[in-house]
Novice: 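Here's a structure for you.
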Amino acid sequence: MVLPRSFYEGEDILEISKSLLGKKLCSDIGGQFTSGIIVETEAYKAPEDKASHAFGNKVTPRTVTMFSPPGTGYIYIIYGMYHLFNVITGPEGTAHCILIRAVEPLDGQDVMLERRGKPSMIKAVTNGPGKFSIAMGMHKKYDATDLTISSDIWIETGWPELSEEEILVGPRVGMSTAEECSNWPYRFRVKGNKWTSKPDKVWYDL
DNA sequence: ACCGCGATGCAT
DNA sequence: TGCATCGCGGTA
């Protein structure tokens, strides 16, 4: 079942970030169907979050998508070559968004390997925001896609709801200019899942 | 294992 | 100018 808009519109972005773990992210791009279970997420809580593109509710040509209704996809380019995929959440008008950082591959694994130029799934294919976005065909041209009605990119129910014991939390990465926000525990992952991005030492139980 | 760095486009 | 990144080649 495709997740309805009500899934995305709650006030608590951290709860939604955790609820997205275990959901099934699907894409049908270039005539190729791929899907994967979301196993790592990262929350960006505008307007007070200095790490958010929409810090201070700043509206630019890039960030305007972030003010779209909850359940909208936000795709932007980082380092000139990676099309990172995010989900807009929160009450309409808030610019909260959640970066999808890793998925466990399900359908279309042959397509993912071809897009990534890798021989097998044991080589890191979807364990990072840039990597899984390539594997699933994410592209800036799909920015502002309505994930509740799109036939290009959508999110379905997947695993049963995870318990808190199955989730680890840690600080976000790449926070060089976010000052006090850089230590916020806004990054979530499925405990023990081998498809998450490279482990580090800062994870702890909820 | 870890570290440094280049690729490459676009927002500011 | 500096990224919400990745893969490579160096050193160990």
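Here is the naming used below: chain letters follow the sequence lines, and residue numbers restart at 1 for every chain. Bear in mind that the values here come from a model prediction, so they are computed numbers and not experimental data.
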Novice: With sugar-phosphate meaning primed atoms plus P, OP1 and OP2, does A/Arg172 contact a base, only sugar-phosphate, or nothing at under 4.0 Å between heavy atoms?
Specialist: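 It contacts nothing in the nucleic acid.
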Novice: Using the criterion of both pairing distances under 3.5 Å for Watson-Crick and G-U wobble pairs, give all stems of 3 or more consecutive pairs involving DNA chain C.
Specialist: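 If one scans DNA chain C for consecutive Watson-Crick or G-U pairs, the stems found are B:1-7 with C:5-11, B:9-11 with C:1-3.
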Novice: Please report the distance, rounded to the nearest Å, between CD1 in A/Ile78 and P in B/dT12.
Specialist: 12 Å
Novice: Provide, to the nearest angstrom, the distance between the CG atom belonging to A/Asn183 and the P atom belonging to C/dA4.
Specialist: 16 Å
Novice: What's the closest nucleotide to the side chain of A/Tyr44 if the choices are B/dT12, C/dT5, C/dA4?
Specialist: C/dA4
Novice: Do A/Ser17 and A/Thr41 have side-chain N/O donor and acceptor atoms under 3.5 Å apart?
Specialist: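 Absent: no donor and acceptor within the cut-off.
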Novice: Contact between A/Trp159 and A/Val190 at the side-chain level, heavy atoms closer than 4.5 Å - yes or no?
Specialist: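 They are in side-chain contact.
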Novice: Would you say a side-chain N or O of A/Thr60 is under 4.0 Å from OP1 or OP2 of B/dT12?
Specialist: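 Yes.
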Novice: Parallel under 30°, tilted from 30 to 60°, perpendicular over 60°: which one fits the rings of A/Phe132 and A/Phe85?
Specialist: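 A/Phe132 vs A/Phe85 ring planes: perpendicular.
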Novice: For the residue pair A/Ser19 / A/Glu161, report whether a side-chain donor-acceptor contact shorter than 3.5 Å exists.
Specialist: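 Yes, A/Ser19 and A/Glu161 have a side-chain donor paired with an acceptor closer than 3.5 Å.
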Novice: Could you tell me whether the phosphate oxygens of B/dA11, OP1 or OP2, come under 4.0 Å of any side-chain nitrogen or oxygen in A/His53?
Specialist: no
Novice: Would you say the side chains of A/Tyr142 and A/His83 form a donor-acceptor pair under 3.5 Å?
Specialist: no
Novice: Quick check on contacts: within residues 128-141 of chain A, what sits under 4.0 Å from DNA chain B by heavy-atom distance?
Specialist: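 Nucleic-acid contacts, sorted: none.
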Novice: Judged by modelled atom types alone, do A/Glu9 and A/Ser6 share a side-chain donor-acceptor pair under 3.5 Å?
Specialist: no
Novice: So which one's nearest nucleotide on DNA chain B is more toward 5', A/Tyr79 or A/Arg62?
Specialist: A/Tyr79
Novice: A/Met81 CE to C/dC8 P: how many Å, rounded?
Specialist: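 Interatomic distance, CE of A/Met81 to P of C/dC8: 13 Å.
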Novice: Please give, in whole Å, the distance from B/dT12 C1' to A/Tyr76 OH?
Specialist: 15 Å
Novice: Quiz question: by atom type and distance under 3.5 Å, do the side chains of A/Asp107 and A/Thr34 form a donor-acceptor pair?
Specialist: no
Novice: Is the phosphate of C/dC6 approached by A/Arg116 (side-chain N or O, under 4.0 Å from OP1 or OP2)?
Specialist: no
Novice: NE2 of A/His83 versus P of B/dT8: gap in Å, rounded?
Specialist: 13 Å
Novice: Strictly under 6.0 Å, is that where the ring centroids of A/His96 and A/Tyr44 end up?
Specialist: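 No, the ring centres sit 6.0 Å or more apart.
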Novice: Let me confirm one number: the CD1-NZ distance from A/Ile98 to A/Lys45, rounded to the nearest 0.5 Å.
Specialist: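 NZ of A/Lys45 is found 11.5 Å from CD1 of A/Ile98.
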Novice: Check the distance between C/dC6's C1' and A/Leu84's CG and give it to me in whole angstrom.
Specialist: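 Atom-to-atom, A/Leu84 to C/dC6, this comes out as 11 Å.
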Novice: Would you mind reading off the distance between A/Phe55 atom CZ and C/dG2 atom P, rounded to a whole angstrom?
Specialist: 19 Å
Novice: Roughly, in whole Å, what's the span from CG in A/Asn86 to C1' in C/dT5?
Specialist: 13 Å
